[in-house]
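These numbers come from a predicted model, not from an experiment.
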Amino acid sequence: MRKPLPFELSKDKSFFESLSDWMGDVLYDELPEKGLEMRDEQIFMAYQIEKALKEKSVLFAEAGVGTGKTIAYLLPAISYARYTGRPALIACADETLIDQLVKAGGDIEKLENLLNLDIDVRLAKSRDQYLCLKRFEEAEKVEVDDWIDDIAMSIPEGVYAKGSMLSTQPYGARSDYPFISDESWQKVNFNSLMQCGVCEMRNRCGQTIHRAHYRSSSDLIICSQDFLMEHLATKESREREGHLPLLPEVSMMVLDEGHLLEYAAQKAMTYKVQNFTIVNLLDRLMVDGVRESTLYAMEKLQEDHERFFDQLRDDIVPSEENRKKINKSKTLLTYGKRLIDDVEKLLEEFVFESELYMIPEYELNMAEEFLEQYQAAIKIFTAKSDAIDWLEEADGEETLVIMPRLITEVLEEKLFSKNLPIIFSSATLSVKKDFTFIASSLGIKDYMSFSVPSPFDYDEVMKIELHEAKNEKVVEVNELLKDKQKTLILFKSKHSMLKFKESLSLMARLSVFFEGDQELSSTIREFQSGTISTLCSYHLWEGLDLPEESLTRVIIYDLPFPPQDPLFDAKRAFSKNAFEEVDLPFMLLRLQQGIGRLIRTSKDYGEIHILLNEEEVKVKDQFIDILPVLAK
């Protein structure tokens with residue numbers, strides 16, 4: 001249901017004139033009178049966004065930490081959504097930050113209470129954040145631990161009953177199961193193998209019900225940038241197949257931590273080929289009554305697939321990075337081309353099987369869709385193209401990832417040519433106040449921009465100390481943690497965090513919590529409440545907002561240079577000076593984001609500790625100038 005505007009419209013003023021007047025009343029008078037601190041930079045940002053809405057422009061809004069960016073974009077976004085009759089979309093850096101935006105006591109709740117606004121805000125999470133009923137049924141047959149029973153108890157009774165599901169409340173989101181580990185969740189969540197379009201449970205699963213719920217939002221839809229990019233990548237194909245796009249039409253977009261959009265776009269355009277997935281899929285189709293020629297075709301595809309992955313392992317370049325580079329041998333490419341032929345022959349056999357009805361229709365349809373995607377991926381992998389590929393572990397399984405490079409062209413066509421107001425919001429969007437780098441990397445030709453500094457007096461509230469290779473880093477951390485201060489430790493990668501974890505004694509691990517031990521947003525809530533005193537993370541460089549006593553120390557365990565992996569190697573290959581154009585800007589941006597976790601309000605204080613090994617000490621002069629206070 002469409003909600004009324006928070007201000008009156010008149011014949012004498014346009015919507016934008018009325019919006020401008022209302023924001024002035026709210027920002028200069030109403031909110032300050034009710035105890036909310038407003039800042040000049042924040043008010044400036046709100047009016048720049050209002051201008052971008054009026055001109056339907058892309059806006060790079062670079063505002064320092066503590067500006068109050070969320071309120072600055074919420075006021076015009078909610079008003080514009082109600083004026084146009086379409087919700088505004090807020091796309092966060094990743095899934096972990098969505099719940100942060102709607103948490104109790106956050107900016108949305110503050111505006112509701114202070115301005116008497118009933119804000120209709122709904123979450124649209126990525127598909128892997130939802131329970132898959134098909135995978136849950138399979139896991140329930142083999143899992144014996146309590147977590148599987150907890151999920152079973154949470155599924156509404158009507159899911160397996162006849163009749164309409166329209167009245168069923170949304171269920172099955174990852175955040176509904178805070179104490180289930182990531183490892184366990186990956187056994188029951190949606191994954192790329194599941195073909196929802198041919199699933200008989202698709203209208204009863206939590207993902208579908210959540211989607212129907214957020215589609216009807218009248219004010220705000222909040223999703224991750226990954227999900228927004230998946231929506232754009234699949235929109236045309238879903239519409240061709242008669243399915244609704246993942247997201248509805250929106251009036252405007254806010255890209256929170258918008259400097260990360262390029263990586264979300266790259267991720268959405270990848271093909272994934274997993275080691276055991278196709279073997280297990282075909283095993284399920286080998287039922288009694290299947291024609292001998294079909295069985296032979298399935299067995300041949302399985303065998304050739306296993307040979308392909310055996311050779312793939314031999315061809316990878318050993319490294320500690322999650323993404324492993326592949327030196328494609330002639331043997332590997334020969335196996336790949338053989339797989340393309342195997343799939344073609346099997347799909348021909350499936351035409352005959354569909355007329356015999358020996359294989360369940362859902363299983364056959366799912367296999368056909370999966371094999372078509374599998375074949376398309378292998379064709380790209382074996383072709384001479386500018387695609388980027390690597391081997392990694394995803395969902396607990398070896399996965400070949402293949403990513404086309406045409407990011408800017410796709411974004412320009414599917415997003416930035418739609419005459420839609422798009423607001424990039426972040427503390428770090430420019431290189432020395434120049435926005436050319438981010439604009440060109442995303443295919444944006446026309447845009448507005450501004451940059452305002454942080455309002456905080458960092459000399460008064462923050463202390464930064466560099467630790468230069470005097471001891472092992474784990475020793476330095478143990479010394480710092482003795483005082484039980486509320487501490488966030490940031491790592492450049494999951495590998496680095498797990499290596500640190502292995503270095504801790506068993507007793508020390510009891511007082512330190514690690515990302516991945518349970519659902520992350522619930523871990524953050526426990527950290528804020530004081531249940532956890534030390535939190536280790538490799539994701540929370542951006543967006544984490546823990547004011548005052550919730551966080552008084554940040555330890556940056558290693559400088560966040562990008563990994564030496566195929567994705568960044570490709571970026572380096574297209575640059576004249578890889579360190580200056582790729583590695584250093586990435587590290588500086590991420591380092592500033594990590595430092596920005598500490599001071600979030602005028603009442604915050606604390607210390608930053610940056611740990612440097614011998615190699616990192618050599619580049620100290622490259623980042624010393626960006627630190628908000630002088631380091632010791």
Please indicate whether [X] has more than 12 foreign heavy atoms, meaning atoms of other residues, nucleotides or ligands, lying under 6.0 Å from its [atom1].
{"X": "Glu472", "atom1": "CD", "value": "no"}
{"X": "Phe276", "atom1": "CZ", "value": "no"}
{"X": "Glu299", "atom1": "CD", "value": "yes"}
{"X": "Lys300", "atom1": "NZ", "value": "yes"}
{"X": "Glu183", "atom1": "CD", "value": "no"}
{"X": "Lys328", "atom1": "NZ", "value": "yes"}

Check whether NZ of the Lys or CZ of the Arg Lys473 lies under 6.0 Å from the centre of the six-membered ring of Tyr557 and within 45 degrees of that ring's axis. yes
NZ or CZ of Lys345 within 45° of Tyr296 ring axis and under 6.0 Å: no
Carboxylate-amine/guanidinium contact [X] [Y], below 4.0 Å:
{"X": "Arg307", "Y": "Asp304", "result": "yes"}
{"X": "Asp558", "Y": "Lys492", "result": "no"}
{"X": "Asp341", "Y": "Arg338", "result": "no"}
{"X": "Arg174", "Y": "Asp182", "result": "yes"}
{"X": "Asp517", "Y": "Lys501", "result": "yes"}

Angle between ring planes, Phe381 versus Phe308, binned at 30° and 60°: parallel, tilted or perpendicular? perpendicular
Donor-acceptor side-chain pairing of [X] and [Y] below 3.5 angstrom:
{"X": "Asp434", "Y": "Thr436", "result": "yes"}
{"X": "Glu392", "Y": "Thr399", "result": "no"}
{"X": "Ser181", "Y": "Ser184", "result": "yes"}
{"X": "Arg211", "Y": "Gln207", "result": "yes"}
{"X": "Lys125", "Y": "Ser175", "result": "yes"}

Below 4.5 Å, heavy atoms only, C-beta onward: do [X] and [Y] meet side chain to side chain?
{"X": "Ser329", "Y": "Gln311", "answer": "yes"}
{"X": "Glu372", "Y": "Leu347", "answer": "yes"}
{"X": "Leu504", "Y": "Asn478", "answer": "yes"}
{"X": "Met253", "Y": "Leu228", "answer": "yes"}
{"X": "Ile444", "Y": "Ile422", "answer": "no"}
{"X": "Val142", "Y": "Lys187", "answer": "no"}
{"X": "Phe309", "Y": "Ile278", "answer": "no"}
{"X": "Leu415", "Y": "Leu442", "answer": "no"}

Is there a donor-acceptor contact under 3.5 Å from the side chain of [X] to the main chain of [Y]?
{"X": "Glu616", "Y": "Asn613", "answer": "yes"}
{"X": "Ser511", "Y": "Met507", "answer": "no"}
{"X": "Lys324", "Y": "Pro318", "answer": "no"}
{"X": "Arg597", "Y": "Trp541", "answer": "yes"}
{"X": "Arg238", "Y": "His243", "answer": "no"}
{"X": "Ser537", "Y": "His539", "answer": "yes"}
{"X": "Ser493", "Y": "Ser496", "answer": "yes"}
{"X": "Glu321", "Y": "Asp565", "answer": "no"}
{"X": "Trp185", "Y": "Asp128", "answer": "yes"}
{"X": "His305", "Y": "Asn275", "answer": "yes"}

Which heavy atom of [X] sits nearest a heavy atom of [Y], and at what distance?
{"X": "Leu481", "Y": "Val512", "answer": "CD1-CG2, 4.3 Å"}
{"X": "Ser575", "Y": "Glu581", "answer": "CB-OE1, 3.2 Å"}
{"X": "Glu398", "Y": "Leu391", "answer": "OE2-CD2, 4.2 Å"}
{"X": "Val188", "Y": "Leu131", "answer": "O-CD1, 3.7 Å"}
{"X": "Ala377", "Y": "Ile402", "answer": "O-CD1, 3.3 Å"}
{"X": "Leu285", "Y": "Ala367", "answer": "CD1-CB, 3.5 Å"}

For ring-ring contact (aromatic ring centres under 6.0 Å, His included), just list the numbers for Phe586 and Phe568, CA-CA rounded to whole Å, side-chain angles, deciding distance to a tenth of an Å, and then say yes or no. CA-CA 10 Å; Phe586 180 94; Phe568 279 94; 5.2 Å; yes
Once you round to the nearest 0.5 Å, how far does [atom1] of [X] lie from [atom2] of [Y]?
{"X": "Asp389", "Y": "Met403", "atom1": "CG", "atom2": "CE", "value": "9.5 Å"}
{"X": "Leu466", "Y": "Ile608", "atom1": "CG", "atom2": "CD1", "value": "11.0 Å"}
{"X": "Tyr271", "Y": "Lys379", "atom1": "OH", "atom2": "NZ", "value": "10.5 Å"}
{"X": "Ile610", "Y": "Ile624", "atom1": "CD1", "atom2": "CD1", "value": "7.5 Å"}
{"X": "Leu261", "Y": "Ile438", "atom1": "CG", "atom2": "CD1", "value": "8.0 Å"}
{"X": "Met229", "Y": "Thr270", "atom1": "CE", "atom2": "OG1", "value": "13.5 Å"}

Could you check, using the six-membered ring where one of them is a Trp, whether Phe513 and Phe527 have ring centers closer than 6.0 angstrom? no
Verdict with supporting geometry, Glu236 and Lys414, side-chain contact (heavy atoms from CB on, under 4.5 Å): CA-CA 10 Å; Glu236 291 179 2; Lys414 295 181 181 292; 3.5 Å; yes
Could you check Leu295 against Met286 for side-chain contact (heavy atoms from CB on, under 4.5 Å), going step by step and ending with a plain yes or no? CA-CA 7 Å; Leu295 287 172; Met286 294 178 180; 3.8 Å; yes
